[in-house]
Number of protein chains: 2
Amino acid sequence: MTADRIALAVVGTAYHTPTPDRLEVLDDVVFAVTAEGTIEGVHAVGSPAAEQTMAGAADVHRLTSTQRLIPGLVDLHIHAPQWPQLGTGLDLPLERWLFEYTFPLESTYADERFAREVWSHMVPTLLAHGTTTAVYFASVHEAATLALAEQCAASGQRAYVGRVAMDHPVGTPTWYRDKSAAEGIAASRRSISAIRAMGSPLVQPIVTPRFVPACTDHLLRGLAALAEETETLVQTHCSESDWEHGAVIDRYGISDTRALRALGLLRAGTVLAHGNHLGDDDLGVIRGAGAGIAHCPVSNAYFANAVFPVRTVMAAGVKLGLGSDIAGGAEPGLLSQCAHAVTVSRVLHDGVDRRLDPHLRGVVDSRIDAVTAFHLGTAGGADVLAAPVGRLQVGCQFDAVVVETASASPLRAWPGIDDHARVFEKIVHLARPADIREVWVAGRRVDATRITG
Amino acid sequence: MTADRIALAVVGTAYHTPTPDRLEVLDDVVFAVTAEGTIEGVHAVGSPAAEQTMAGAADVHRLTSTQRLIPGLVDLHIHAPQWPQLGTGLDLPLERWLFEYTFPLESTYADERFAREVWSHMVPTLLAHGTTTAVYFASVHEAATLALAEQCAASGQRAYVGRVAMDHPVGTPTWYRDKSAAEGIAASRRSISAIRAMGSPLVQPIVTPRFVPACTDHLLRGLAALAEETETLVQTHCSESDWEHGAVIDRYGISDTRALRALGLLRAGTVLAHGNHLGDDDLGVIRGAGAGIAHCPVSNAYFANAVFPVRTVMAAGVKLGLGSDIAGGAEPGLLSQCAHAVTVSRVLHDGVDRRLDPHLRGVVDSRIDAVTAFHLGTAGGADVLAAPVGRLQVGCQFDAVVVETASASPLRAWPGIDDHARVFEKIVHLARPADIREVWVAGRRVDATRITG
């Protein structure tokens, strides 16, 4: 270690989940962070390396004894323009919800001023919830999309920002679609260039065909070629609901996953949102491609017609993270989604209908716990993106959140009662913006708009 | 109206749900509240009655144009001593969870000082979440139970506080039980007297046999007689999980509901927690007795082995409210439970297992919306208790919550996008303590410890 490279030393006790089944407690350590935001060392307080780090660092930040550091959350699936409808419009199935609520709202982002107003509210709010990495569907509008990328860079959020491409004459309305496949591809190309031209180390573009039912073959193939040519990640929806899953089979005679592969969109790092209706063979295809899945537990309860089988997908070796699916998922932030992932896994395990025999009610061995859920929300999501975040270990970026555990909040560590494992579980289930005292991205403290009351 | 009786006038726009399927918007009205906290009039701003109220009231409070008034929430089921384990210990089934986590914690409330420390953190925190009426299981300890009642009175929370009675030689551990049925009955009698001796208009006792498996017949019958003699409400658990439901059938050869009726505990106003495994005939028995049910959606996902069939229970004419079931339900406050009630109703409707035919997966016609859920969390719970709260109408107590809809919070009303129905839905799904600006109980503003940060 060369102490003179250390820009920041953060001292305190941290929790992270480097693997799905293990909570690692880093008790009283010093994180040595370079000017580029990389964790160069994790040293026990009092060790020579710790002393050297603290002596050489330009900035030393100490957590209080009741604060805990956790990795920032990685939200793999956010529809940014749906932010104003968060918490509403949950009464329709997906195919009607899109046309009656969502497309009309998204179409208004032709107004760049309105877009900037929403982004300036949304991005700091999500940071205040601990979402340090966000994967966004923007709208079809290039200006609104670039404005979102600019907002993320300005607010200091690590982000993947995708201009939405959609051109299908039946799957989209005349008043909210690309004029043609060629124009959709060209607009996506320009959007990639514009976001890259910002030169932000935190923000990058992502190729974003909305989903198969909203896109023509021409558009889908063109976007695949664009991703290949420009070396850009891809995101789309896959086998979300009975309707969406079935629509792709009706169109191509093969599953959504296989169709995306045939179209060239199932690439290493492709983020597939939802995937509730994936078959076992689809999982092998996804694993083979090096793509990953964004599990969106709250949204799924409203739109997916089934509970996502986390254990099955993990057992198949598929990369897996979590998404809030704003606004299909009526909650912001990813910590609460971790808790919901635990909850819905229990419902999947036990089933729903009291009139059935307990052994026939649910899907046994479906339960996950807070450790696994938090892993998905941090390291799991990072692995889907191959992003160096999600773990508080050497080589990762210092994207981290400081949580208070001794306030008037329900999230309180009780002396003599709560050990580290319990405090961690409380953080997963109870932490809210009011409990999040600081947010760091790439070693820089983010000035998130605090949600106070 | 005699304006000189009006102690408080509150001016603003309010939402409430007097019936399960109707949101009533009280747009720009004045609530006339007596010194006893009763709503004596609801007048349109500008009307002569409104003018007279505002002129005559000792105190006039005006909401801002972005604030909304809603009824305070009625939480029908809280285990107060489990507060320190909120958010933890969710890995075991109910029968093990009790012995390995919960009974050990509850037994520590023999220490009254510790009890007071917990109550002084919990009660203001729940008020800050908008819980204006709380139905508490305390512990077996009389001192801790009385201290809880005192805390509720001091904090200004409307509360039903029950000393827990439990004496079964198998269903409870030697180190946490009443010494005998007779002693349990005597202690419960003393607890009722002590709470009534406080003379608080807000706080009353409630007879609280934990549940059938934890109590001997002697204790259960004695508590029924005590409730009858002292005219005290009763609360207990009923048909919560496969295990608990089955244990009562094993013991008596009849359902939990029928057993409680035979024992004399199923009375008008009895609060039955959970009820997930109630049969159709049980519902008729409960309706006939005038008892009600506390539906606890989050807890049920962890401990009940099935989703509570809200629509079925409502169609049977059974009184129904909501409970957080702290700490089985790993969230404080009842607004989020309203949202969860909507969510789990959707999962019940759709089912969980993607491998099944959609038509065989769930239980059709199970969905409820935010209006119905909020009705359950306010008026529904009030009706179970026959308490004059839960609606913002003449004759009810002014128990109300002021919610802000224009801050940095995700709960934001967007001008030109959100109408009243959408803002209401956002409140149900997104309101958090940071959004709750004021809490009123019986016409008095509560000084809830604000959760800031």
Side-chain angles (χ1 to χ4, degrees), chain A residues 84-88 90-91 105 121 124-125 128 242 276-277 298 301-302 305-307 309 330-332 339 342-344 346-348 350-354 358 361-363 369-370 404 407-412 414 417-418 422 425-426 428-430 432-437 449-453, chain B residues 84-91 105 121 124-125 128 242 276-277 298 301-302 305-307 309 330-332 339 342-344 346-348 350-354 358 361-363 369-370 407-412 414 417-418 422 425-426 428-430 432-437 449-453:
Chain A
Q85 76 180 19
L86 188 71
T88 75
L90 299 166
D91 55 319
L105 175 58
H121 182 257
T125 302
D242 285 318
N276 291 63
H277 295 273
V298 172
Y302 289 85
N305 313 123
V307 174
E331 285 192 29
V342 178
T343 301
V344 299
R346 301 291 287 253
V347 178
L348 177 59
D350 279 339
V352 296
D353 187 354
R354 74 201 195 285
R361 216 179 275 155
V363 180
D369 64 10
E404 175 62 60
S407 69
S409 157
L411 168 54
R412 179 168 180 168
W414 290 83
I417 295 177
D418 290 325
R422 284 173 58 110
E425 198 180 1
K426 286 186 172 190
V428 172
H429 282 281
L430 300 174
R432 298 287 178 270
D435 306 301
I436 292 175
R437 296 302 162 86
T449 296
R450 298 308 310 279
I451 297 176
T452 56
Chain B
Q85 77 180 18
L86 188 70
T88 74
L90 299 166
D91 56 320
L105 174 59
H121 182 257
T125 302
D242 285 318
N276 291 61
H277 296 271
V298 172
Y302 289 86
N305 313 123
V307 174
E331 285 191 30
V342 178
T343 302
V344 299
R346 301 289 288 251
V347 178
L348 176 60
D350 279 338
V352 296
D353 187 352
R354 75 199 195 286
R361 215 179 273 156
V363 180
D369 64 11
S407 69
S409 156
L411 168 54
R412 178 167 181 171
W414 291 82
I417 296 177
D418 291 324
R422 284 173 60 110
E425 197 180 3
K426 286 186 170 189
V428 172
H429 282 281
L430 300 174
R432 298 287 179 269
D435 305 301
I436 292 175
R437 295 302 161 85
T449 296
R450 297 307 311 278
I451 297 175
T452 56

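Here is the naming used below: chain letters follow the sequence lines, and residue numbers restart at 1 for every chain. Note that the structure is predicted; figures quoted are calculated from it, not measured.
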*Relative to chain A, which segment of L86(B) carries a heavy atom at a distance below 4.5 Å: side chain, backbone, both, or neither?*
both

_Spatial distance of atom OG1 (T88(A)) from atom CG (L430(B)) [nearest 0.5 Å]_ = 9.0 Å

*Do V347(B) and V344(A) come close enough that some side-chain heavy atom pair is under 4.5 Å?*
no

*Engaged part of E404(A) at the chain B interface, taking heavy atoms whose separation is under 4.5 Å*: neither

*asked:* For the interface with chain A, which of L105(B), V342(B), D242(B) has the highest count of heavy-atom pairs at distances below 4.5 Å?
replied: D242(B)

*asked:* Tell me the closest heavy-atom pair linking A330(A) and G87(A), and the distance in Å.
replied: CB-CA, 3.9 Å

_A370(B) versus chain A, the contacting section by heavy-atom distance below 4.5 Å_ = neither

*Measure the CZ-CG distance between R346(B) and N305(A) for me, rounded to the nearest 0.5 Å.*
9.5 Å

*Identify which of D353(A), N276(A), L90(A) forms the greatest number of heavy-atom pairs closer than 4.5 Å to chain B.*
L90(A)

*Could you tell me which portion of I417(B) (side chain, backbone, both or neither) has an atom closer than 4.5 angstrom to a non-hydrogen atom of chain A?*
side chain

*State, yes or no, whether a side-chain contact exists between D435(B) and S407(B) at a heavy-atom distance under 4.5 Å.*
yes

*Do you know which of D91(A), V363(A), T343(A) has the most heavy-atom pairs under 4.5 Å to chain B?*
T343(A)

_Option in V428(A), D350(A), V352(A) with maximal non-hydrogen atom pairs under 4.5 Å from chain B_ = V352(A)

*What option among R354(A), R432(A), R422(A) has the most heavy-atom pairs under 4.5 Å with chain B?*
R354(A)

*Quick one: pull up CG in L411(A) and NE2 in H429(A) and give me the separation to the nearest 0.5 Å.*
12.0 Å

*So, K426(B) side chain and P84(A) main chain: donor-acceptor pair closer than 3.5 Å or not?*
yes

